[in-house]
Peer 1: 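Take this structure, written in structure tokens, and hold onto it; I'll ask about it next.
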Protein chains: 2
Amino acid sequence: MGVLIIETLGDRTLRFSELRNGVEGISHKMLTQNLRMPERSGLVEREGHPTVPPRVEYTLTEPGWALRATVDGVCDWTHRYLGRIESPRRRLDA
Amino acid sequence: MGVLIIETLGDRTLRFSELRNGVEGISHKMLTQNLRMPERSGLVEREGHPTVPPRVEYTLTEPGWALRATVDGVCDWTHRYLGRIESPRRRLDA
DNA sequence: CTGTATCCGGTTTGATACTG
DNA sequence: CAGTATCAAACCGGATACAG
């Protein structure tokens, strides 16, 4: 799930709410939580603007970019093989 | 966690109990469970020998191999960047 | 040896309400 | 808008017992 954030954030700097829309389906709380960890790990940079209303922007750092690159590798794999994979979510087959 | 299985199984065909030792720390139940999914997805092939005692061997399929390759990419990332990352497990810093 | 079923405690999550 | 706190529900993994 944190991976989706990395992916989404990869394109460009995003605000909290933009990120929230981008990741789609993630709850308010989960987004906050899943941002703290990569933030502390130096994968994501958080920049808060003390304006009214508040604006907080999140950006991928260099290690974050590198991680995204590897994650893209997994995505590529998915694209190549997903067709051949019977989804486990499908109802139990006969 | 299923990833560790893919990694371990990558080297060669393994029996259930061998896999259990290889993944180390995984419980009986988890191994069974985490084998079913990639098995149904066609990442792992299960071959049971109707002997006494039973012997079941698990092998990585071609899609499984490809996945393992991408996972290795993530491992590489870890090796390169782990040093720069303050572990979130560290006690809260001042 | 390999595998399934059950119970049970800990973690995680979404909903909601509230703050600056 | 961005974030924290709280609470109940859902989920998950380990332990255990049992079966083929």
Peer 1: Whether the B:E62 and A:Y81 side chains hold a donor-acceptor pair (N or O, under 3.5 Å, no angle test) is what I'd like checked.
Peer 2: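 Looking only at side-chain atoms, A:Y81 and B:E62 do form a donor-acceptor pair, the distance falling under 3.5 Å.
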
Peer 1: Check whether any side-chain heavy atom of B:D76 lies under 4.5 Å from a side-chain heavy atom of A:T70, and answer yes or no.
Peer 2: no

Peer 1: Along nucleotides 4-20 of chain C, 5' to 3', which nucleotides get a B, which get an S, and which get a -, given that the test is a protein heavy-atom distance under 4.0 Å?
Peer 2: B-B------BBB----B

Peer 1: Starting at CG of B:L31 and ending at C1' of C:dC1, how long is that distance when rounded to a whole Å?
Peer 2: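 From B:L31 CG to C:dC1 C1': 13 Å.
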
Peer 1: Return no unless some side-chain N or O of B:R15 is found under 4.0 Å from OP1 or OP2 of C:dT2.
Peer 2: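 Indeed, a polar side-chain atom of B:R15 lies that close.
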
Peer 1: Does D:dA2 have OP1 or OP2 under 4.0 Å away from a side-chain N or O of A:S17?
Peer 2: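 It does, given that an N or O in the side chain of A:S17 lies less than 4.0 Å from OP1 or OP2 of D:dA2.
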
Peer 1: Calculate, to the nearest 0.5 Å, the distance between atoms CG and CG belonging to A:L67 and A:D72 respectively.
Peer 2: 9.5 Å

Peer 1: B:R46 near the nucleic acid: base, sugar-phosphate alone, or nothing, with a heavy-atom cut-off under 4.0 Å?
Peer 2: sugar-phosphate

Peer 1: What is the distance, rounded to the nearest whole Å, between atom CD of A:E47 and atom C1' of D:dA2?
Peer 2: 15 Å

Peer 1: Roughly, in whole Å, what's the span from OH in A:Y58 to P in D:dA2?
Peer 2: 8 Å

Peer 1: Any idea which heavy atoms bring B:I26 and B:R20 closest together, and the distance?
Peer 2: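 B:I26 and B:R20 have their closest heavy atoms at O-NH1, 2.7 Å.
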
Peer 1: Nearest heavy-atom pair of A:R36 and A:Y58: which atoms, and what distance?
Peer 2: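 Scanning both residues completely, I find the closest heavy atoms to be NH1-OH, 3.8 Å.
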
Peer 1: Over how many whole Å does the gap from B:I5 atom CD1 to D:dG13 atom C1' extend?
Peer 2: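 The distance from CD1 of B:I5 to C1' of D:dG13 comes to 14 Å, rounded to the nearest Å.
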
Peer 1: Can you check the A:E57 CD to D:dG3 P distance for me, whole Å?
Peer 2: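 Computing the A:E57:CD to D:dG3:P distance gives 12 Å.
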
Peer 1: Going from CD1 on B:I5 to CZ on B:R68, what distance comes out if it is rounded to the nearest 0.5 angstrom?
Peer 2: 13.5 Å

Peer 1: How many whole angstroms separate atom CE of B:M37 from atom C1' of D:dC12?
Peer 2: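 To the nearest whole Å, that distance equals 14 Å.
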
